[in-house]
Protein chains: 2
Amino acid sequence: MTHAPTQRMRTEARQGRGIPEATVARLPVYLRALTASSDRGVSVASSQDLATAAGVNSAKLRKDLSYLGSYGTRGVGYDVEYLRYQISRELGLTQDWAVVIVGIGNLGQALANYAGFSTRGFRIMALLDADPAREGERFGGHEIRRMTDLEDIVGAHGVSIGVITTPAAAAQGVADRLVAAGVTSILNFAPAVISVAPGIDVRKVDLSIELQILAYHEQRKGPATAGVTSPPGVESA
Amino acid sequence: MTHAPTQRMRTEARQGRGIPEATVARLPVYLRALTASSDRGVSVASSQDLATAAGVNSAKLRKDLSYLGSYGTRGVGYDVEYLRYQISRELGLTQDWAVVIVGIGNLGQALANYAGFSTRGFRIMALLDADPAREGERFGGHEIRRMTDLEDIVGAHGVSIGVITTPAAAAQGVADRLVAAGVTSILNFAPAVISVAPGIDVRKVDLSIELQILAYHEQRKGPATAGVTSPPGVESA
DNA sequence: AGGAGTTTGTGAACAGGAGAACAAAATCGC
DNA sequence: GCGATTTTGTTCTCCTGTTCACAAACTCCT
């Protein structure tokens, strides 16, 4: 506590600006827990309350929140509305974000209809599909436009986020076009690895990977526990 | 440094059985890269080749694969078919897994139609929806059955994996019923935290959380780069 | 006003994963 | 047969994230 300049530098740099990635990934969960509390009329919540609702332990939640600042009151807890606003602001949800969805198959349609986007400041500016015949179809109040309009739409509305729900083979090409047009963040649902220029953020959601991870753990639970009946023979394909 | 017995214990325990969680999460990606190589007629691939295709660096890939065993040949690389089989086996994909999907909204329909499940040994045994009027509707060759059949279906087919695509409010109740019926792994798409008994695995996929994480980084890229025009005043709520 | 009881914020120890670097082991050319 | 070359498997170091434990700070009750 005497003086440790270099080590402090790091801590202060983090506190000042820049929140650990793992914490950022949990903030939306806390936000949801706060919204739920707010809807139930709760105005103050302890770290223990929120941690239970968010499915984490209270020490982690407090440390996470401490990166944002000291928004709690010792002996009392956190003001729900105030904390909700602070997290929203930190995540950038107090402003609107223009989004395009490319590839309107089953998943693209599901996303277009998903209410959770618009309520958090994500504005779907267009749905785009490679099939020109589908131009004009509507989902969730949004209209399908043709792929050739991509650059115009991104440019005109300042779209910064692109969602890719195309087949795997088309994903890289779409990503390239999105980035060239000005998109700087991509959410990729296509089962393919896409590579982009430095400075462009890509997040990947892969449905079948999640199931495969579950299968691994399921297998490890032991054949005895796994099935309802465990036939002594070979498993039937 | 002379002798550190306890530290070795850990290493050996891990090597013997039990693969790091981070590695398990990447194995499906490697599997996809191997399948792609196989389809292109490649029979041997180096760690560098595979790493590029999987979007990781080669040291990490080699270390990941080393947890499975020594399946490569120094100076040569990895036999694509052989490694593919080994990873499949490790992940438990050489056997079939019975799956039910509960909540056949847009997302549930998308999953029912998704080909990536059946090709990896995941057999959808039933689609279930709370609305009895929808009984009999078909998606991707699977029929909607009524919720009251849940226990029978899980019991009859030895279903071990449940996928929840209901609204948030219904998720916990569905999870409870699935677990009571015998399901031991759950993939939860509902925007809600669900709690289950110890020994039950839950993985959560949340579409809006991914977008919020992107928004955070997008905001950090600086107002100058982010928007099309950056108003000098206070940000408009 | 002051002590008892709560709850936050954070320092410190610990665990786990990432990446660099290198020794071991295989092939190939002569 | 043997050295040169390639590529794996592994060790070591660094860094990020998690958890514990406790002092600081606030409220409430008498």
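Per chain, numbering begins at 1; letters A, B, ... match sequence-line order. Keep in mind it's a predicted model, so treat the numbers as computed, not measured.
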*Select one nucleotide: of D:dT10, C:dG17, D:dG17, the one nearest the side-chain heavy atoms of A:P20.*
D:dG17

*Closest nucleotide among C:dT27, D:dT27, D:dT18 to the A:V76 side chain*: D:dT27

*Measure from CG on B:L68 to P on D:dT10 and round the result to the nearest Å.*
12 Å

*Below 4.0 angstrom from OP1 or OP2 of C:dA18, is there any side-chain N or O of B:N57?*
no

*Whole angstrom is fine here: how far is it from CD in A:E21 over to P in C:dG16?*
21 Å

*Give, for atom CG of B:L91 and atom OH of B:Y30, the distance between the pair rounded to the nearest 0.5 Å.*
11.5 Å

*Identify which nucleotide among D:dT18, D:dT8, C:dA18 has an atom closest to any side-chain atom of A:R26, counting heavy atoms from C-beta outward.*
D:dT18

*Within the pair B:S47 and D:dT8, is there a side-chain N or O less than 4.0 Å away from OP1 or OP2?*
yes

_Set out, in order, the CA-CA distance, both residues' side-chain angles and the distance that settles side chain to side chain donor-acceptor pair (under 3.5 Å) for A:S43 and A:E81, then state yes or no._
CA-CA 7 Å; A:S43 65; A:E81 292 305 326; over 6 Å; no

*Using only heavy-atom distances, decide whether a donor-acceptor pair under 3.5 angstrom links the side-chain of A:K63 to the base of D:dT19.*
yes

*Could you state the CD1-P distance from B:I19 to D:dG9, rounded to the nearest angstrom?*
14 Å

_Nucleotide nearest B:K60 when distance is taken to its side chain, options C:dT27, C:dG19, C:dT8_ = C:dG19

*Nearest-Å distance, CZ (B:R62) to P (D:dT11)?*
14 Å

*Could you check which of D:dG9, C:dA21, D:dC12 has an atom nearest any side-chain atom of B:A59?*
C:dA21

*Checking all strands, does B:Q48 fall into the base, sugar-phosphate, or nothing category for heavy-atom contacts under 4.0 angstrom?*
nothing

_Within this structure, what is the CD1-CZ distance for the pair B:I161 and B:F117, rounded to the nearest 0.5 Å?_
10.0 Å

*Rounded distance (nearest 0.5 Å) linking atom CD of A:Q95 with atom CD of B:E218*: 9.0 Å

*Counting just side-chain N and O atoms, does A:T73 come under 4.0 Å of either OP1 or OP2 of C:dT8?*
no

_Tell me whether the side-chain N/O atoms of A:Y78 come closer than 4.0 Å to OP1 or OP2 in C:dG9._
yes

*asked:* Just the rounded figure in Å: distance from C1' of C:dC22 to CZ of B:R74.
replied: 11 Å

*Do B:E21 and A:I213 come close enough that some side-chain heavy atom pair is under 4.5 Å?*
yes

*May I have the distance from B:L65 (atom CG) to D:dT7 (atom C1'), rounded to whole angstrom?*
13 Å

*For the pair made of CG in A:D49 and C1' in C:dT6, what is the distance, rounded to whole Å?*
12 Å

*Mind calculating the distance between CG (B:D64) and P (C:dG19) to the nearest angstrom?*
11 Å

_Which nucleotide in C:dT10, C:dT8, D:dT10 has an atom nearest any side-chain atom of A:S46_ = C:dT8

